[in-house]
Participant: 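Questions regarding the structure given below will be posed in turn.
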Protein chains: 2
Amino acid sequence: MKKIDIFKKLRSSGLRPTKQRVEIAKFLFERDKTFHFTVESLNKLLEKKTTFKFALATIYNTVHAFKNAGHLNEVDVRGKKTYFDTNIINHHHFYDNETSELIDIDAKEIVIQKIPKAPNGKKIKNVEVFINLKN
Amino acid sequence: MKKIDIFKKLRSSGLRPTKQRVEIAKFLFERDKTFHFTVESLNKLLEKKTTFKFALATIYNTVHAFKNAGHLNEVDVRGKKTYFDTNIINHHHFYDNETSELIDIDAKEIVIQKIPKAPNGKKIKNVEVFINLKN
DNA sequence: TCCTAGTTTATAATTATTCTAAAGTAAATA
DNA sequence: TATTTACTTTAGAATAATTATAAACTAGGA
């Protein structure tokens, strides 16, 4: 993804392409594989990667802005920290409890044959499968 | 579940049946349906239900002791608070984001036809399905 | 009954996250 | 281009959930 596309991506979501947002967006979206992170891990990686300095609050703000714009997914993981995923296409996860690591599973790798009806007055928004791993 | 069984349950898990543990165990396990809670909600319910006074730390300690003994399940839910479930049999959940409510789904209600292999050197511990609900 | 290891308790500490309000900046307007 | 304005960033304070601490308490064995 080129810089020009980053600008487009931000503008089309109503986000001003500030220096901080562009830097973070480049870091998150200019990659081939999907990327899983917490705000803390992203912060550390940004510190290493760029000379630019970001307030922690800015990283929170930016990540949430990207999430609200649909550029990031928040992932259900038990625990204190919130995980995000640059893969916004519907998919599932392995979760390795030993390393606290998430691994994407393509939606087509899991086929569910039978599923219950949503309770009264509710609809199914989405189905997430978590495969917990052990050694 | 009778009081005698509560004592047995605690003793057989190596937990001394203290007043606090017995009270909390009675509250959690003497029910027909499974029960979902957070430490905060449990604390509030105990305040109403019993005249007994519990330190918040005791509720944390006790819930974790019960979890470690296998009498409670911790449930993967996104968000700040940790959810627990008195249903320790393998099963799945509806999660209602509007009300932050969990609803059990019997394991047999969901049939998975195809599932990927665990990554290198890892094994599958368990599979959890989350059905997120909307109105 | 006495002793001891395990438990409870109040409080402090920690951790992740959100809030605040002042200073900075993108971009619309004149 | 200069000015204005609304949006952003920032450092630090505030909040919320949870865990740690260390002193007081208690169950159960000697």
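Computed from a prediction, not measured in an experiment: that's the story for all the values here. These numbers come from the heavy atoms of this one structure, side chains and all, not from hydrogens, waters or symmetry mates.
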Participant: Verify the contact: side-chain N or O of B/H64 to OP1 or OP2 of D/dT18, cut-off strictly under 4.0 Å; return yes or no.
Facilitator: no

Participant: So A/H91 and A/H36, would you call those rings parallel, tilted or perpendicular, with 30° and 60° as cut-offs?
Facilitator: tilted

Participant: Separation of A/L56 atom CG from D/dT9 atom C1', in whole Å?
Facilitator: 13 Å

Participant: If hydrophobic clusters are built by linking Ile, Leu, Val, Met, Phe, Trp and Tyr wherever their side-chain heavy atoms come under 4.5 Å apart, do A/V63 and A/F35 end up in the same one?
Facilitator: yes

Participant: Can you check the A/R16 CZ to D/dT8 C1' distance for me, whole Å?
Facilitator: 7 Å

Participant: Are OP1 or OP2 of D/dT18 and a side-chain N or O of B/Y60 less than 4.0 angstrom apart?
Facilitator: yes

Participant: Please report the distance, rounded to the nearest Å, between CD in B/E40 and P in D/dA17.
Facilitator: 5 Å

Participant: So, is B/T18 near the phosphate of C/dG6, with a side-chain N or O under 4.0 Å from OP1 or OP2?
Facilitator: no

Participant: Taking only N and O in the side chain of A/R11, is any of them less than 4.0 Å away from OP1 or OP2 of C/dA27?
Facilitator: yes

Participant: Distance under 6.0 Å and angle within 45° of the ring axis: does A/K9 meet both against A/F29?
Facilitator: yes

Participant: OP1, OP2 of D/dT10 versus side-chain N and O of A/Q20: anything below 4.0 Å?
Facilitator: yes

Participant: Using a 4.0 Å heavy-atom cut-off, does A/T38 contact any base of the nucleic acid, only the sugar-phosphate backbone, or nothing at all?
Facilitator: nothing

Participant: When you match A/P17 and B/R21 each to their closest nucleotide on DNA chain C, which lands nearer the 5' end?
Facilitator: B/R21

